[in-house]
Amino acid sequence: QLQLVESGGGLVKPGGSLRLACAASGSNLNYYSIGWFRQAPGKEREGVSCMRPTGGTENYLDSVKGRFTISRDNAKNTVWLQMDSLRPEDTAVYYCAARTLVCSHRVSDYNYWGQGTQVTVSS
């Protein structure tokens, strides 16, 4: 069974960068669309971006366009989320999730979830 583990979160100052990793085990990520989601305190979990098995990407938040980039390394069975020009409003727990069908921004459409990694943007 597919298992996902996120890493790379931490505390960063506004304007800084982080690269989150979503490492998979138990199955090959080639078969899955991988989505990145985030959940800020007191808010619902929201879709950030998704990458299809073929490599195409979808972005769901206007606020991160041009700042966040999703990519995947099939040899390492890992999907990355590069986050640049971070803002305090990007503070949240970031999750990766997988589904065997096409990308979706809906939380309920994903079958597999990681445990999340905290990103805090603060001076």
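When reading the values below, keep in mind they use all heavy atoms of this one structure, side chains included, and skip hydrogens, waters and symmetry mates. Numbering starts at 1 and runs along the sequence shown.
Here the shortest heavy-atom pairing between Ile34 and Ile70 reads O-CD1, 3.8 Å. Closest approach of Thr78 and Ala21 over heavy atoms only: CG2-CB, 4.1 Å. The shortest non-hydrogen separation linking Ser33 to Val102 is OG-C, 3.6 Å. Closest non-hydrogen pair, Asn28 versus Asn30, comes out as OD1-N, 2.9 Å. Contact between Asp84 and Ser17 at its shortest, heavy atoms only, is OD1-OG, 2.7 Å. Of all heavy-atom pairs between Phe37 and Ser104, the closest is CZ-O, 4.1 Å.
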* Evaluate side-chain contact (heavy atoms from CB on, under 4.5 Å) for Tyr94 paired with Cys22, printing each intermediate quantity in order. => CA-CA 10 Å; Tyr94 283 73; Cys22 174; over 6 Å; no
* Asked: Are Leu29 and Leu2 close enough, and set up right, to give a side-chain contact (heavy atoms from CB on, under 4.5 Å), and what steps lead you there?
  -> CA-CA 9 Å; Leu29 277 183; Leu2 180 67; 4.3 Å; yes
* Asked: Do Leu81 and Thr69 pass the side-chain contact (heavy atoms from CB on, under 4.5 Å) test, and can you show the C-alpha distance, the side-chain angles, and the key distance before you say yes or no?
  -> CA-CA 6 Å; Leu81 184 67; Thr69 304; over 6 Å; no
* Go through Arg67 and Arg87 one step at a time and tell me if the side-chain contact (heavy atoms from CB on, under 4.5 Å) criterion holds. => CA-CA 10 Å; Arg67 300 190 298 121; Arg87 305 168 181 171; 3.5 Å; yes
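With Arg38 as the fixed residue, the salt bridge (charged side-chain N to carboxylate O under 4.0 Å, His left out) test singles out one of Glu46, Glu6, Glu44: Glu46. The only member of Asp90, Leu18, Val48 that meets side chain to side chain contact (heavy atoms under 4.5 Å, CB included) when paired with Met83 is Leu18.
You'll find the side chain of Ser122 reaches within 4.5 Å of the side chain of Leu11, heavy atoms only. With a 4.5 Å cut-off on side-chain heavy atoms, Glu58 and Arg52 count as touching. For the pair Leu20/Thr117, a side-chain contact is recorded, criterion being any heavy-atom separation below 4.5 Å from C-beta on.
In the hydrophobic clustering of this structure, Leu61 groups with Val79; members are Ile, Leu, Val, Met, Phe, Trp, Tyr whose side-chain heavy atoms approach within less than 4.5 Å, directly or through other members.
Atom CE of Met51 sits about 8.5 Å away from atom SG of Cys103, to the nearest 0.5 Å. To the nearest 0.5 Å, atoms OG (Ser27) and OH (Tyr112) are separated by 7.5 Å. With values rounded to the nearest 0.5 angstrom, Gln118 atom CD is found 10.5 Å from Gln39 atom CD. In this structure, Cys50 SG and Arg99 CZ are separated by 8.0 Å, a value rounded to the nearest 0.5 Å. How far OG1 of Thr57 is from CZ of Arg72: 11.5 Å, rounded to the nearest 0.5 Å.
In this pair, Tyr95 and Trp113 present their aromatic rings perpendicular. The plane angle is above 60°, beyond the 30 to 60° band.
Between Asp62 and Lys65, at least one side-chain N (NZ, or NE/NH1/NH2) sits under 4.0 Å from a carboxylate O, which counts as a salt bridge.
Side-chain contact, Ser49 with Asn59: a donor N or O sits under 3.5 Å from an acceptor N or O.
The backbone N or O of Asn77 sits nowhere less than 3.5 Å from a side-chain atom of Asn74 that would complete a donor-acceptor pair.
With ring centers used as reference points, Trp36 lies 6.0 Å or more from Phe68.
Surrounding CD of Glu89 are more than 12 heavy atoms belonging to other residues, nucleotides or ligands, all under 6.0 Å away.
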